[in-house]
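Below you'll find the structure, written out as structure tokens, and then a few comments.
Chain naming here is simple, since letters A, B, ... match the order of the sequence lines and numbering starts at 1 in each. What you see is a predicted model, and the numbers here were worked out from it, not measured in a lab.
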Protein chains: 4
Amino acid sequence: MFFNINPSNGVPVYEQVSRQILFAVAAGGLASGEMIPSVREMARQLAINPNTVARAYRQLQDQEILETVRGEGMAVAKGARAKCKSVRTKLIREQIAQVLRAARQSQLSDEEIRKMVESELK
Amino acid sequence: MFFNINPSNGVPVYEQVSRQILFAVAAGGLASGEMIPSVREMARQLAINPNTVARAYRQLQDQEILETVRGEGMAVAKGARAKCKSVRTKLIREQIAQVLRAARQSQLSDEEIRKMVESELK
Amino acid sequence: MFFNINPSNGVPVYEQVSRQILFAVAAGGLASGEMIPSVREMARQLAINPNTVARAYRQLQDQEILETVRGEGMAVAKGARAKCKSVRTKLIREQIAQVLRAARQSQLSDEEIRKMVESELK
Amino acid sequence: MFFNINPSNGVPVYEQVSRQILFAVAAGGLASGEMIPSVREMARQLAINPNTVARAYRQLQDQEILETVRGEGMAVAKGARAKCKSVRTKLIREQIAQVLRAARQSQLSDEEIRKMVESELK
DNA sequence: GTGGTCTAGACCACG
DNA sequence: GTGGTCTAGACCACC
């Protein structure tokens with residue numbers, strides 16, 4: 001697992017964790033049925049509190065992306081990849097929509113917006 | 001003033017206020033030298049706490065977009081419009097950059113991103 | 001608020017809290033827009049830890065039954081009543097289905113099951 | 001033995017095992033005196049931990065539903081069938097009572113409850 | 001004052 | 001060993 005956590009980032013740590021797992025599943029780096037590192041192990045690797053990891057895992061469990069295997073740990077649920085892909089797309093889409101709304105509200109023309117996007121895509 | 005405030009929105013209320021004033025100036029709806037409603041009046045109209053309005057005004061004052069007129073209240077500063085336009089553009093630019101970073105981190109290709117932007121621009 | 005918490009009940013405390021709020025909304029005891037007691041206040045009344053209350057509230061917020069009003073507290077979201085009613089019914093329905101499945105799996109006839117239900121309804 | 005074990009099910013695995021044996025005896029699928037598979041054999045078949053099977057067997061032994069036969073293994077005890085039937089009934093009865101309590105607490109009328117039960121009985 | 005996040009440490013049932 | 005729950009106490013931004 002190669003996760004980067006930035007604790008002073010505005011984005012909550014548990015969100016960073018769950019999002020990176022979600023993206024990893026969406027990208028195929030974590031397959032259905034595969035076990036993920038235990039709460040304690042992940043906490044140790046990321047140098048954060050186990051409760052924070054547990055919260056991230058719980059969030060994914062609520063979305064049926066992870067499932068607990070009693071006494072063993074947590075595994076990627078079946079059908080998780082499709083779900084993660086769609087969630088990922090929806091997340092990005094929402095963010096884009098939000099920015100574009102702000103941009104328009106501030107009277108930028110579509111052409112100006114496009115130019116900004118292109119210049120940021122480099 | 002036709003501002004919409006949404007207190008259960010994620011965005012701090014004082015931010016919503018100051019941003020909407022900033023955008024109004026940038027768009028020419030508020031001209032240099034024009035007086036803006038008093039803290040109390042604005043608070044009454046928006047049904048929010050006067051402290052919150054004061055904070056928004058203070059923030060704009062720090063950016064030299066508003067200025068106090070002794071004994072009268074606050075007015076839009078000289079040169080505010082140009083400043084607001086540039087701030088507005090920088091704000092939007094930053095937001096776009098941030099979203100694009102997130103999109104890339106989640107493994108979307110530039111082409112997919114462009115398509116999403118276009119579809120959201122409708 | 002007249003909530004009963006039983007900490008040694010099998011059912012997690014945060015679940016008891018969120019369920020009782022959900023039922024109160026479903027029953028009309030808490031109307032949309034109404035503020036609910038603050039995390040700290042509720043924790044004090046129930047003599048439990050604020051974090052536990054916060055978890056219950058968060059759970060309801062994820063279901064869009066509660067919403068946070070910045071700096072003020074949490075309020076019952078609009079449309080919450082209908083949602084609570086349907087969730088409540090679904091919860092009960094699931095439990096009933098589960099029990100009936102168990103009953104049938106253990107070879108009880110429908111008639112015997114009906115008799116048990118009636119006798120328990122007293 | 002045709003048992004289904006689901007480790008990500010909420011119900012402890014050892015409970016699932018012991019309950020399914022209990023039901024099998026109650027239903028007559030396992031007669032008094034009949035040997036049941038050894039701990040190891042059962043564990044192999046169900047692909048679970050032998051300790052878990054042992055715990056299930058021990059539980060049934062405590063209820064005098066299974067008994068050890070020196071040097072041979074475990075067998076269904078004399079009088080087990082009647083006992084299993086009564087345990088089974090008690091279990092179901094308790095579950096029904098519990099659900100009905102929950103249903104009432106959530107303000108459903110007896111009539112509504114009956115309707116739900118009937119609809120779930122199909 | 002409010003909720004939100006994070007840490008720390010404890011206890012539990014389960015396998 | 002695993003996850004789940006709960007407590008306690010700290011810090012933050014916001015109103």
**OP:** Please figure out whether B/Val11 or C/Pro7 has its closest DNA chain F nucleotide nearer the 5' end.
**Re:** C/Pro7
Original post:
Starting at the 5' end of DNA chain F and moving along, which residue's nearest nucleotide shows up first, A/Val39 or B/Arg55?
Top reply: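 Per heavy-atom nearest nucleotide, the more 5' residue is A/Val39.
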Original post:
If you count the non-hydrogen atoms of other residues, nucleotides and ligands that lie under 6.0 Å from CZ in C/Arg104, is the total more than 12?
Top reply: yes
**OP:** Kindly check if the number of other-residue, nucleotide or ligand heavy atoms within 6.0 Å of CD (C/Glu15) is above 12?
**Re:**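 Atom CD in C/Glu15 is crowded, with more than 12 foreign heavy atoms closer than 6.0 Å.
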Between [X] and [Y] (side chain of the first, backbone of the second, donor and acceptor by atom type, cut-off under 3.5 Å), is there such a pair?
X	Y	value
D/Asn49	D/Asn51	yes
A/Arg81	A/Ala31	no
C/Ser32	C/Ala77	yes

Original post:
In terms of the nearest nucleotide of DNA chain E, which residue is placed more toward the 5' end: A/Asn49 or C/Tyr57?
Top reply: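 The residue whose closest nucleotide sits nearer the 5' end is C/Tyr57.
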**OP:** Tell me which of C/Ser38 and A/Pro50 sits closer to the 5' end of DNA chain E, going by the nucleotide each one is nearest to.
**Re:**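 That would be C/Ser38.
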Original post:
Between residues 62-75 of chain A and DNA chain E, which residues have a heavy-atom gap below 4.0 Å?
Top reply: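 Nucleic-acid contacts, sorted: A/Arg70, A/Gly71.
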Original post:
Can you give the first and last nucleotides of DNA chain E, 5' to 3', that have an atom under 4.0 Å from a heavy atom of chain D?
Top reply: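 Contact boundaries, 5' end first: E/dC14 to E/dG15.
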So what does [X] hit on the nucleic acid, given a heavy-atom distance under 4.0 Å: a base, only sugar-phosphate, or nothing?
X	answer
D/Glu15	nothing
A/Arg40	base
C/Glu41	nothing

Original post:
Reading DNA chain F 5' to 3', what string of ( ), [ ], | and . shows its pairs, if Watson-Crick and G-U wobble pairs count only when both distances fall under 3.5 Å?
Top reply: ||||||||||||||.
Any luck finding a side-chain donor-acceptor pair between [X] and [Y] under 3.5 Å?
X	Y	value
D/Gln16	D/Gln20	no
B/Gln98	A/Gln95	no
B/Glu41	B/Gln45	yes

Original post:
Could you go step by step and tell me if D/Ile21 and D/Ile65 meet the side-chain contact (heavy atoms from CB on, under 4.5 Å) rule?
Top reply: CA-CA 10 Å; D/Ile21 293 175; D/Ile65 287 166; 5.6 Å; no
Original post:
Closest heavy-atom contact between C/Gln63 and C/Lys83?
Top reply: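 In terms of heavy atoms, the two residues are closest at O-CD, 3.3 Å.
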Subject >> Test item: A/Val17 and A/Ile48 side chains (from C-beta on) under 4.5 Å apart, heavy atoms >> reply: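 With C-beta onward as the side chain, the pair touches.
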**OP:** Please determine if a side-chain N or O atom of B/Tyr14 lies less than 4.0 Å away from the OP1 or OP2 oxygen of F/dC15.
**Re:** no
